[in-house]
Chemist: 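Below is the structure I would like to discuss, written out as structure tokens.
First listed ligand is number 1; within each ligand, the first listed atom is number 1. Residue numbers count from 1 along this sequence.
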Amino acid sequence: MSLSDSTMSWLLVLCVALSLSLARADSSYDYFRLPTALRPQKYDLRILTILENVEDLRFNGSVKIQIETLQNTKNITLHSKDLKIDESQITLRQIGGEGSPDNCITFTEVNPNHDFYILNTCQELFAGQVYELHLPFSAQLQEQLAGYYRSSYVDPVANETRWISITQFEPASARLAFPCFDEPGYKAPFVITLGYHKKFTGLSNMPVRETKPHESLADYVWTEFQESLPMSTYLVAYSINDFSYKSSALPSGTLFRTWARPNAIAQCDYAADFGPRVLQYYEQLFGIKFPLPKVDQIAVPDFSSGAMENWGLVTYTEGALLYSAEYSSQADKQELANTVAHELAHQWFGNLVTMKWWTDLWLNEGFATYVASLGLENVHPEWRSMQLESVSNMLAIFRKDSLESSHPISRPIEMVSQISESFDEISYEKGSSVIRMMHLFLGEQSFRTGLKSYLERYAYKNAEQENLWESLTEAAHKTGALPKDYAIKTIMDSWTLLTGYPVINVRRDYTAGTAELTQERYLLNTNISRAHRDECWWVPLSYTTQEERDFNNTAPKAWMECTRTGESIPKIIKDLPGPDQWVIFNNQLSSPYKVNYDAQNWRLLIETLNSDEYQTIHVVNRAQLIDDVSYFAWTGEQDYEVALKVISYLHRERELLPWKSAFDNLKIISGIFRQMGNFQSLKVYIKELITPIYEHLNGINDTESSIQSPDHILLRTLVANWACSYQVSDCESQALSYFRKWQSEVNPDENNPVPISFRSVVYCSSIKRGTDEDWEFLWTRYLKANVATEKETIMDSLACSTEVWQLQRYLEMTFDPKGEIRKQDSASVFQSIATNEIGFLLAKKYLMDNVVSISKFYHPQFEYVAELLPPLSDQIFTRKDYMEFKTFLSKSKEQLKDVEQATKQSLEIILTNVQWKERNYHKFTSAIQKLI
Ligand code: BES
Ligand code: ZN
């Protein structure tokens, strides 16, 4: 059927109207993107910050924007939100050209839906001309953790609160701090000048050019910073503070400083050492020098996320930058290094080359996540971070992306709220995993060459995924890493444009020595019909056999291909061994897909796993087998008997990754099963499963001094947490005795005898079994702690109480705007309470009863609310409670309108829990009972 003429002409009218409305804007323009008639060429930003009076923390400033006209227009539309603008002071003049005549503004309008500030001009602005707009503005320093905002800490010597100012602009909050073209595609150089009292320090993206006294305010100075390179508004940063810093020396000459409140300066050493090392590695990895003369990294007491990659002024929450050998654990240290490595990777992927629009956020976050693992692997090979990261990422994706309500990596953005929602596992972990997949199927040389040419081509510009595909394809064809008839785009579009991931079904013909492979989407919701799973991915197939056991070869031996119309072509693999040998696909989990085998192959795998030969299967693939079979049992493609036979091999396992995989899956099941009558059998099963490893690791006895690999330390912490929850051996009594020892210290804030890696389990067990006094003791330690990671550990542990009133009080404290828990930590405390079996119902009720005030508490950063839903939905499993939750969600539409994705996902999770209960409760129970 072809389109009729009249339809065609309507379409034409629509297109013209749309492109016209893109070019011009006035009050009738109601599209969420800026009109495209103008582009900023340069910003000159001056901001005076007044931190004298707690009751009146504020800033005022002015911005001069050089604007190039691309199409004639009669207005200037830019972003501005919650700023006071004195219209009488606005000026507009043409620059260059003859006589440079003044223009002016007739009237201004606002469009609050899209944060537009619209200046209608006296005369039309002509294409090709450049204008200079000068706008003065002022506002209070925000109390929320976005825009230009305040943060504070207590100076312990004077016992006084100190105030500082800091920015957080990504994704769309520069508009809260100054009027601007607040979209990532509008890159321009910035000249920033900060005014402040001379007792403070002013920091921004670039080094200081000069400081001079303020023209009228006594004791105030103006500090002008060097002009920046062209950059997006979300990367602009500045701060006025009274912090101290540690310098580190980098041979290449980049000045590198790490900043913190004075009392925490001793905790800067590790980041000051690690940061420059990883920066230097990136220079060598990408073959592109870090383009700025300096990097400052600063630990901010109140901070909305973990860290932010502002170009040259990277901001962190304290727990993500500060390290203390006496208080921070091995896991804290690795996370810290990972965060620093991630933000510094952004200096290239994100800052130098920026995504064109938020649709391609994964080009920022996926790359920063992947490159950070390369960085960690290089600086700290002993951590084996690449393996740990790849497995953790896969485990996260397999869960999130098994929901119908998930979304593609590259995702259309139609509302500002969807931008915030995109900072999720799909952009980060799935993004990183498909980049790793490319790295593994392209090989080192093509991958590096392709990336280098991508970075060089789009430096100081914007890119979309097509541009990346192009550079990589060119490199891959040059080196021969990819056949000429394969294009990266064809392969990768299936991974970035489709939602979900495939399960590959392997059906072997044992006499012919072949296997037939088919694919379909893996979905947790078993009610969804086959037709909805019928997608096609280009899947690189690496595999090995029992005889060959070559898991190190991650290059594809074959590909699952798709037809032009996107149908999957079954693949026949030949030359496979006989009926007494297993095959395993997806060596070292090189790509995000699951693999299901026929019964015979599973039998062979189970045999090897449950023998002394289990290590002949690569540790990553052992983790894979556990995760895959657990999912297949959940959705009914495998019996729980088979799944439990795989899992039972763990009594031999001594490595971290398979255990991590098993615990992740056991946690999901136990979250619902522990509310059911047959839980006792699972309890016994888990206890039996972990006793051997607990004993092998010498329980929670303090043997930290003996030489242990970092992996080993992480495994001990993980096992101890489970062992104490399931009352294995002496775990709880040991934990309590450590706690008592701590309590008997004369100065418990100075001396803590609890081994660092067991602090969370010791605190939690002691609070669970403890008295009111124990809770108060730990709370006092929280108030006095000077190390953020220690505060975090304590905050989580306080939620382990089994006293309803204590948990209720703790919930109330968490959402008290004037309380001792910072807003940034509230969601994590809520999660800890909600995952506690006693706390779950309380937390659910608390959210349902208080959703209005909680939403006000987070205003306008509603995305926090999204974090409150998963710990609840994970534990709901009856139809009745599903209906109750659904009614709650729809009644709270107004409060939840910015977290639509999270509400959909939580409902779907509940639905799949209900299905599990109805289909598997009895099967699972009887499978477990056979084993105990
Ligand atoms: N660009 C993000 C910061 C961010 C997150 C801005 C969400 C706006 C919304 C930064 O690079 C980042 O990804 N930070 C992570 C830490 C990282 C180690 C994964 C974070 O804050 O969790
Ligand atoms: Zn990031």
Side-chain angles (χ1 to χ4, degrees), residues 144-147 149 166-176 182 184 231-237 271 274-275 278 282 297-300 302-311 313-321 331-355 358 360-376 385 388-389 392-393 396 413 416-433 435 788 792 824-825 827-828 858 860-864 866-867 898-899 901-902:
Q144 68 223 22
L145 310 179
Y149 71 92
I166 187 75
T167 52
Q168 169 56 40
F169 290 168
E170 194 182 17
S173 293
R175 63 191 67 175
L176 286 162
D182 199 9
M231 62 195 268
S232 308
T233 48
Y234 80 87
L235 290 169
V236 171
F274 178 79
V278 79
Y282 292 156
Q297 40 185 11
I298 178 169
V300 184
D302 301 272
F303 198 73
S304 66
S305 58
M308 175 66 212
E309 69 266 24
N310 314 299
W311 218 358
L313 176 52
V314 188
T315 45
Y316 295 82
T317 183
E318 285 197 357
L321 189 69
D332 292 332
K333 188 178 194 177
Q334 293 186 203
E335 264 169 48
L336 186 166
N338 183 47
T339 308
V340 173
H342 176 106
E343 304 314 330
L344 293 178
H346 271 310
Q347 309 298 308
W348 284 262
F349 287 97
N351 303 5
L352 185 66
V353 177
T354 312
M355 73 251 140
W358 299 104
D360 283 317
L361 176 66
W362 79 277
L363 289 179
N364 273 17
E365 298 303 348
F367 265 108
T369 304
Y370 183 62
V371 168
S373 335
L374 296 176
L376 246 55
S385 309
L388 178 59
E389 266 284 301
S392 311
N393 290 349
I413 299 286
V416 171
S417 64
Q418 288 177 336
I419 306 176
S420 299
E421 285 186 331
S422 299
F423 290 82
D424 65 358
E425 286 86 351
I426 302 301
S427 301
Y428 283 71
E429 280 80 12
K430 196 179 179 193
S432 166
S433 298
I435 295 164
E792 287 165 14
Q824 64 191 17
D825 299 317
S828 135
Y858 286 127
Q861 289 174 297
F862 301 110
E863 59 269 22
Y864 270 116
E867 295 173 38
D898 286 343
V899 295
Q901 177 176 299

Chemist: Relative to atom 11 (O) of ligand 1, which among E170, E335, Q861, E343 owns the nearest non-hydrogen atom?
Modeler: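 Looking at heavy atoms only, E343 sits closest to atom 11 (O) of ligand 1.
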Chemist: Is there side-chain contact between Y864 and Q824, with heavy atoms separated by less than 4.5 Å?
Modeler: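 Y864 vs Q824: side chains touch.
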Chemist: Pick, from A345, A337, G306, S422, the option with the minimum heavy-atom distance to atom 20 (C) of ligand 1.
Modeler: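 That would be G306.
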Chemist: If you count the atoms of ligand 1 from 1 in the order shown, which ones are under 4.0 Å from a heavy atom of E365?
Modeler: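 Per the distance check, 1 (N), 2 (C), 11 (O), 13 (O).
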Chemist: Which atoms from ligand 1 have a heavy atom of E309 less than 4.0 Å away?
Modeler: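 Listed by number with element, the hits are 1 (N), 2 (C), 10 (C), 11 (O).
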Chemist: Do Q901 and D424 touch side chain to side chain, with heavy atoms closer than 4.5 Å?
Modeler: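 Touching, per the 4.5 Å side-chain cut-off.
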Chemist: Taking the non-hydrogen atoms of A307, is any one of them nearer than 4.0 angstrom to ligand 1?
Modeler: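 Contact present.
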Chemist: Is there side-chain contact between V371 and Y282, with at least one heavy-atom pair below 4.5 Å?
Modeler: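 With C-beta onward as the side chain, the pair touches.
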Chemist: Using side-chain heavy atoms (C-beta onward) and a distance below 4.5 Å, is L145 in contact with Q168?
Modeler: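 Not in contact.
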Chemist: Any heavy-atom pair between the side chains of E863 and D898 that's under 4.5 Å?
Modeler: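 No. Closest side-chain heavy atoms not under 4.5 Å.
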Chemist: Is there a polar contact, in the sense of an N or O pair closer than 3.5 Å, between T339 and ligand 1?
Modeler: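 Between T339 and ligand 1, no N or O pair is found under 3.5 Å apart.
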Chemist: Flag the pair Y149 / T167 as yes when at least one side-chain heavy-atom distance between them is below 4.5 Å, and no otherwise.
Modeler: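 A side-chain contact under 4.5 Å is absent here.
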Chemist: Quick one: which ligand 1 atoms are inside 4.0 Å of a heavy atom on H346?
Modeler: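 Every atom of ligand 1 under 4.0 Å from some heavy atom of H346: 11 (O).
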Chemist: Pick whichever of Y428, F423, Y234 has a heavy atom sitting closest to atom 12 (C) of ligand 1.
Modeler: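 Nearest heavy atom to atom 12 (C) of ligand 1 lies in Y428.
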Chemist: Angle at the Zn ion (ligand 2) between NE2 of H346 and OE1 of E365, to 10°?
Modeler: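 Reported to 10°, the angle equals 100°.
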Chemist: Please examine the side chains of M355 and L361, heavy atoms only from C-beta on, and report whether any two atoms are closer than 4.5 Å.
Modeler: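 A side-chain contact exists here, since the closest heavy-atom pair is under 4.5 Å.
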